[in-house]
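Right, one structure below, let's go through it.
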Amino acid sequence: MKVLSTSASALLLAQPVVVSSFSFAPSSFLSSPHSYSPSEGRQQQTQQQRRYQQFIPSSLNTPTKSTLATTTSLSADVGLAGECLLTPEGYGFSASAERILSQAKRGTNGYYRASSTAKVIDVMGGITGGAEDVALVYDGSELKGIFTETDYIDFSTERSKASSEAESASFLVAPVEEYITPTSKLISISTTDTANMAITLMQQNNLRHVIVADTVDGNKLTPQSQIIGVISMQDVMSIVQKDERLSLESLQRKFPGLNDPLSQMREEIKSQANELANNPETAKKDLIRSGTAIFSVVAIGAFLTGSPWLYQHADWAMIGIFVLGYVGIIFEEVFEFDKAAIALLMSTGMWVTYADYFNGANGIASKDVVEQLGEQLSEVSEICFFLLAASTIVEVVDAHQGFKVVTNQITTKSKKSLFWVIGFLTFFLSAILNNLTVTIVMCSLLKKLVPVEDDRKLFGAMVVVAANAGGVWTPIGDVTTTMLWINNNLSTIPTVTELFVPSVVCLVASLAFLVNQVEEDNSLEESTLPEPSELATRGQVVFWSGIASLLAVPVFAEFTGLPPYIAMLTGLGAMWTLTDIIHMGEEDEDDMKVPAALSKLDTSGILFFLGILMSIGVLDKSGLLKELAVFLNNNLPSQDIIATVIGIASALIDNVPLVAATMGMYDIAEFGTDDKLWQLIALCAGTGGSILVIGSASGVALMGLEKVDFLWYAKKVSIGAAVGYFAGIATYLAQNALIHGGGFNLFNSVVPQATAAVDMMNGIL
């Protein structure tokens, strides 16, 4: 009978499928094309768990004579009912070490226990006289090593060299510990590790036995490990053979009209796919996806046919595309579309609508629109190149363990204390760098400090809040503050002195709210972060050079008048040259150089950023954002409330075009440099973007770096960010009243403004 090589269930979905006569002898398997690494073994097991819910048919309760010998040995062990889908999860090559050990039937634990002082002849007698074929050698309760047939062969070889019978006899009474494989060379797996992982380890280490323990570290025993047993290559392949044969014979009975095992498996996969789809959750997803596909076809048809409706309502079409795109990004987990793809399609749809149908267009983009597109792409590309260069510099520093300079100083094992430390560190760094760069740096640092993924997401969200708050109070910290500064709406000294305290209050209020979600445990003590150690000289050089490259960006931009991305790319070029010089002639150090760092970057995250900013840009170019600003000016009673609403709007819409539109609404001659309006806009636009994850460049970067989704952020962070936002506004208004006179009443000033702002945004949205 033909049998699928290795785990047919895993390979069938990945064409081409390999079919061959398969021998289950260990030597045959080790020469097969499936040489898994431990990580691949775990990955295959995970894929099987996700894709298959596999069962042994009930017909096995009455097997045919031809299969009685095979199925009887497994029927009691499997104990499953229902229809078969190839090899069940937990069986065959995904069988756990615990199950292999229980089915091996080689004594209690698969090994003979011997004392380190026992004679070799006695240990061999213990092995050959029982079901075990290996001995674990102990000195009291301490495991010293293992004695296998390989060790016995080495022992016999030494004995054959004896020059006399007396010397030969002395070998037999020698203590067994002189001939064992020591514990340091043993390979171990946990009870949950799979058969393919056990086979891989035995193959890679040229062994025929592995230790099974409750806990292992890097396939080695730890002082806390409790040994469960020993399994051999024969044990593993025996159970794999039985499981795979059982599955294939089950398929033969289920599809008697098909003689080819490959055809039987394909038919089974079709049957199982239909069963998996027959549930309410899948039906709901199919309905959503079908509706999305139908809508897309209708929309594309409207574009291709030049529907008159598009010419008449191009502005509403752009708004509709924008809203639908954001809905797709927010619910990407439901649609299972990558947010980068949605953002790119959204920007393309909006630009096509604007170019071909908006404001009397004739179906073909005009020269002016093409120029606007080029201008917008130029602006967005600056940010994308800035992000690319900054991320690469951070990656190179990390490759040289440069962040040890910081992590060596952070010794707290309290998660809440670390939360506050990281928050204030981010706050002050973002004032001298910029919030986007600091977010990238701190998220990289958190990967080393916080081992638990869920904790790291919350810490990363806190970094976004702290970075946005810290970027407000210096002209170079946030792009909107920089815009106002360059346009002479703000000057340096008043910006620092009058926005520092409100920014600190915003940070403290948000962190005080968010820290309540941090649960103290011992995860920091169990962190994989190495103990503080001295950083190599080259690591220190790379770290300080990287920091200097980041800090030099605003200085370079100020003295040359060139945009910041040029400075960041210059810094990347300097770091590239530096690392090439450091590792000159070191062929095995390619992972430490810039090309390796570039290969690790999240390209989809950068493309997502591109799509979002291009979409916002078309709203700006079309004048829709300007119309929104005018609407706010005509319907809100004061500039304070307008600034507050702009901050809330920046949680949904990028704050750059919002601030740009506001700068165009109000004349600098009427509202002079450092007017309260400009300072409040800088504060609100900078900190309001923290309320939603898509509201700032830092938040968008976090989505790519830590895979944070919109709904998680809204549930866990938005309220805390809003608390800090309104606290910062209240502090600024109180401070402004004290400095410039006029008095201040919290309930008469801030509360009505906050209420009016929220009501207005609800009406708009």
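As the structure is a computational prediction, the values presented were derived from the model and not from experiment. Quick note: numbers below take in every heavy atom, side chains included, and nothing from hydrogens, waters or symmetry partners.
From L702, atom CG reaches atom CG of L446 across 9.5 Å, with rounding to the nearest 0.5 Å. The OG atom of S545 lies 10.0 Å from the NE2 atom of H400; values are rounded to the nearest 0.5 Å.
Between the side chain of S650 and the backbone N or O of G647, at least one donor-acceptor pair lies under 3.5 Å. In terms of modelled atom types and a separation under 3.5 Å, the side chain of Y565 and the main chain of A389 share no donor-acceptor contact. Judged by distance alone, with hydrogens and angles left aside, the side-chain atoms of T474 form a donor-acceptor pair with the main-chain N or O of A431 at under 3.5 Å. Within the 3.5 Å criterion, the main-chain N or O of E498 finds no donor-acceptor partner in the side chain of Q679.
Under the rule for a side-chain hydrogen bond (donor to acceptor under 3.5 Å, both in side chains), the partners of S417 that lie at least two apart in sequence or sit in another chain are S414. A search for side chain to side chain contact (heavy atoms under 4.5 Å, CB included) contacts involving V594 returns T392, V396, L572, W576, T579, L598, not counting sequence neighbours. Under the side-chain hydrogen bond (donor to acceptor under 3.5 Å, both in side chains) criterion, S503 pairs with no residue at all, not counting sequence neighbours. The ring pair (Phe, Tyr, Trp, His ring centres under 6.0 Å) check on F424 picks up nothing, with sequence neighbours excluded. Residues passing the side-chain hydrogen bond (donor to acceptor under 3.5 Å, both in side chains) test with D674, sequence neighbours excluded: S491. Remark: S347 engages M614, S615 in a side chain to side chain contact (heavy atoms under 4.5 Å, CB included) (not counting sequence neighbours). Residues satisfying the salt bridge (Lys or Arg N to Asp or Glu O under 4.0 Å) criterion with K621, sequence neighbours excluded, are E375. Residues passing the ring pair (Phe, Tyr, Trp, His ring centres under 6.0 Å) test with F543, sequence neighbours excluded: none. A search for side chain to side chain contact (heavy atoms under 4.5 Å, CB included) contacts involving F556 returns T560, L562, I566, A567, T570, not counting sequence neighbours. Taking V370 as the reference, A365 meet the side chain to side chain contact (heavy atoms under 4.5 Å, CB included) condition, with sequence neighbours excluded. Remark: Q372 engages Y354 in a side-chain hydrogen bond (donor to acceptor under 3.5 Å, both in side chains) (not counting sequence neighbours).
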If you apply the rule side chain to side chain contact (heavy atoms under 4.5 Å, CB included), what do you find for L610 with L607, and how did you get there? CA-CA 5 Å; L610 172 70; L607 291 175; 4.3 Å; yes
Going through the distances and angles, do E453 and R456 end up as a side chain to side chain contact (heavy atoms under 4.5 Å, CB included)? CA-CA 5 Å; E453 182 178 355; R456 197 162 58 244; 4.3 Å; yes
Please lay out, stage by stage, how Y725 and S510 fare under the test side chain to side chain contact (heavy atoms under 4.5 Å, CB included). CA-CA 8 Å; Y725 174 72; S510 294; over 6 Å; no
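Looking at every heavy atom in both residues, I691 comes nearest to S718 through O-OG, 2.6 Å. Across F358 and A314, no two heavy atoms sit closer than the pair CA-CB, 3.6 Å. Residue N468 comes nearest to G689 through the heavy atom pair ND2-C, 4.2 Å, listed as atom of the first residue, atom of the second, then distance. The two atoms that bring A509 and G724 nearest to each other are CB-CA, 3.8 Å, heavy atoms only. A pairwise comparison of heavy atoms in T481 and G471 identifies OG1-O, 3.8 Å as the closest pair. Pairing each heavy atom of G688 with each of A651, the nearest pair is O-CB, 3.5 Å.
Between M462 and I422, some side-chain heavy-atom pair lies under the 4.5 Å cut-off.
Heavy atoms of other residues, nucleotides or ligands lying less than 6.0 angstrom from CZ of F385 number 12 at most.
The aromatic rings of F428 and W473 stand perpendicular to each other, their planes meeting at an angle above 60°, with 30° marking the opposite boundary.
Within the structure, every pair that satisfies the ring pair (Phe, Tyr, Trp, His ring centres under 6.0 Å) test and touches residues 442-472, not counting sequence neighbours, is listed here: F419-F459.
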